[in-house]
Amino acid sequence: MFKFKSPSKETLMIMSEVAKGNVAKDYEESCVNKIKDLTNKDYAKVTSSGNNSIFIALSAVQGDIIIPDQGGWHGFKQIAKFLNKNIITLKTDLGLINADDLDEIEISDNSALIFTSFAGYTAEQDVKDINRYCKNNGILTIEDASAGIGDSMHNLGILSDIILASTGSPKMINVGNGGLIATNDEDLLKKTSLPQKLSRTSQIICSGIDNEIDKVGKNLELSLNATKYVKKHIENTIHADKRGINAIIQHDDAKSICWNLKKTLTTDKSGFITTCPNNNRIKQKAICIEIKNLAYDCLKKENLNIIIDTVNSQL
């Protein structure tokens, strides 16, 4: 049995001590400063969830909300609808954004593009090109970096105008609860003061985030390397040459195969095999191997080989 990712023992211990009132440190201030450093932004807030971070960001947008047609997060559309925003759906290559495709749609002034660092968790977006295009055309970029924060290679979680993330389970900063938002635009945070007040969290959650941030880069690299190895040894994974933290295999019999894999590749909690079509992944029939869901000590080669052999036996 594999282990599902959970906060580290050290993080849980710190959170427990804060809950008992044994720690006087202002973890919210410490946490905010670390988020600023991590995202290269001047202003940051800790929130009660990733969805609340999205709510804060979208409530600041005056124009249209541009959302990828797949590979994002279903909460983007739900929250935009709740805020009565005009939604424009952007066609993608199985979740990957080509910035030039933005030329094909009519966009109002003061609009924003919201997207995830990794399309469907499986392929990193070209954030440099996306941000270049959007900056030149007056489009605000909002990056959900829940899966990409801590990246040290390709500018994930740094370049976009607004960086937000969930710190729930099993995200890269994994506390079981909470979220964050960061930007260089002080006015944006000033005009969203009300949703920020409604989204405040506790010193307990802040202490967990504060500790998990210190190891997020290393943990992300472990997940990226494990996924690269899995993609290399399973044929027909989509975006096989892209960095990501899950592997997606298109297959006409995906539902049946996933059913069999879920009975074999089990964890102590939730599973790590999911089925498409799924707007959070891709809209086609496919099998998703959610490497991101696994505890880091399960990402050893011998365990990955079990996953590879089991999946290949079903394809």
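- In this structure K5 satisfies the side-chain hydrogen bond (donor to acceptor under 3.5 Å, both in side chains) test together with Y296, sequence neighbours excluded.
- Among D297, N303, N293, the single residue meeting the side chain to side chain donor-acceptor pair (under 3.5 Å) criterion with K3 is D297.
- Applying the salt bridge (Lys or Arg N to Asp or Glu O under 4.0 Å) test to every pair with at least one member in residues 12-22, sequence neighbours left out, gives these pairs: E17-K20.
- In terms of heavy atoms, Q250 sits closest to Q284 at NE2-CB, 3.5 Å.
- Atom NZ of K128 is surrounded by 12 or fewer heavy atoms from other residues, nucleotides or ligands within 6.0 Å.
- Although no hydrogens or angles enter the test, the distance criterion places a donor-acceptor pair under 3.5 Å between the side chain of T227 and the main chain of S223.
- Side-chain atoms of N136 come within 3.5 Å of backbone N or O of R132 as a donor-acceptor pair.
- Listed for the Q314 side chain is no donor-acceptor partner under 3.5 Å among the backbone atoms of L261.
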Go through it in stages, so that I can follow the logic: the residues are T89 and D69, the test is side-chain hydrogen bond (donor to acceptor under 3.5 Å, both in side chains), and I'd like the CA-CA distance, side-chain angles, deciding distance and then a yes or no.
CA-CA 6 Å; T89 301; D69 64 350; over 6 Å; no

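- In this structure, D144 has no salt bridge (charged side-chain N to carboxylate O under 4.0 Å, His left out) partners at least two apart in sequence or on a different chain.
- With no hydrogens or angles considered, no side-chain donor-acceptor pair links S313 and T310 at under 3.5 Å.
- Side chain of T167 to backbone of G179: a donor-acceptor contact under 3.5 angstrom is found.
- Note on I181: it clusters hydrophobically with I65, by side-chain heavy-atom contacts below 4.5 Å among ILVMFWY residues.
- Looking at T141 and D161, their side chains do bring a donor and an acceptor atom within 3.5 Å of each other.
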Report, one line per pair, each donor and acceptor closer than 3.5 Å where one atom sits in a side chain of residues 232-240; sequence neighbours left out.
{"residue": "H233", "atom": "ND1", "partner": "Y229", "partner atom": "O", "Å": "2.9"}
{"residue": "H239", "atom": "NE2", "partner": "D93", "partner atom": "O", "Å": "3.3"}
{"residue": "H239", "atom": "NE2", "partner": "L94", "partner atom": "O", "Å": "3.3"}

Test side-chain hydrogen bond (donor to acceptor under 3.5 Å, both in side chains) on Y27 and Q203; report intermediate values, then the result.
CA-CA 6 Å; Y27 273 107; Q203 284 282 333; over 6 Å; no

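- A chain of hydrophobic side-chain contacts below 4.5 Å, direct or via other Ile, Leu, Val, Met, Phe, Trp or Tyr residues, connects M15 to V46.
- Residues F82 and I66 do not share a hydrophobic cluster, defined by chaining ILVMFWY side chains whose heavy atoms lie under 4.5 Å apart.
- Counting non-hydrogen atoms of other residues, nucleotides and ligands closer than 6.0 Å to NZ of K45 gives a total of 12 or fewer.
- Looking only at distances, a side-chain donor or acceptor of N246 sits under 3.5 Å from a matching main-chain atom of G120.
- Counting non-hydrogen atoms of other residues, nucleotides and ligands closer than 6.0 Å to NZ of K81 gives a total of 12 or fewer.
- Identified under the ring-ring contact (aromatic ring centres under 6.0 Å, His included) test for residues 240-285, with sequence neighbours left out: F2-F272.
- Residue L198 shares its hydrophobic cluster (ILVMFWY side chains chained together at separations under 4.5 Å) with L194.
- If you check the side chains of N52 and S49, you find a donor sitting under 3.5 Å from an acceptor.
- Crowding of K215 atom NZ: a count of heavy atoms from other residues, nucleotides or ligands under 6.0 Å exceeding 12.
- Through direct or relayed side-chain contacts under 4.5 Å between Ile, Leu, Val, Met, Phe, Trp and Tyr, L96 connects to no other residue.
- E10 is linked by a side-chain hydrogen bond (donor to acceptor under 3.5 Å, both in side chains) to nothing, counting only residues two or more places apart in sequence or in another chain.
- Donor-acceptor pairing under 3.5 Å is lacking for the side chains of T192 and S59.
- For K77, the NZ atom sits in a loose shell: 12 or fewer heavy atoms of surrounding residues, nucleotides or ligands are nearer than 6.0 Å.
- Counting only distance, with no hydrogens or angles, the side chain of N131 and the backbone of V127 share a donor-acceptor pair below 3.5 Å.
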I would like to know whether T47 and S53 meet side-chain hydrogen bond (donor to acceptor under 3.5 Å, both in side chains); could you show each step before the answer?
CA-CA 6 Å; T47 68; S53 297; 2.8 Å; yes

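- Among residue pairs with one or both ends in residues 162-218, none qualify as ring-ring contact (aromatic ring centres under 6.0 Å, His included); sequence neighbours excluded.
- At a cut-off of 3.5 Å, with distance as the only test, no side-chain donor of N279 or Q70 sits close to an acceptor on the other residue.
- Summarising the local packing, NZ of K36 is surrounded by more than 12 heavy atoms from other residues, nucleotides or ligands at distances under 6.0 Å.
- Listed by chain and residue number, S117, S160 satisfy the side-chain hydrogen bond (donor to acceptor under 3.5 Å, both in side chains) test with E143 (two or more places apart in sequence, or in another chain).
- The side-chain hydrogen bond (donor to acceptor under 3.5 Å, both in side chains) test applied to S202 returns no partner, not counting sequence neighbours.
- With sequence neighbours excluded, the residues forming a side-chain contact (heavy atoms from CB on, under 4.5 Å) with N86 are D64, I88, listed by chain and number.
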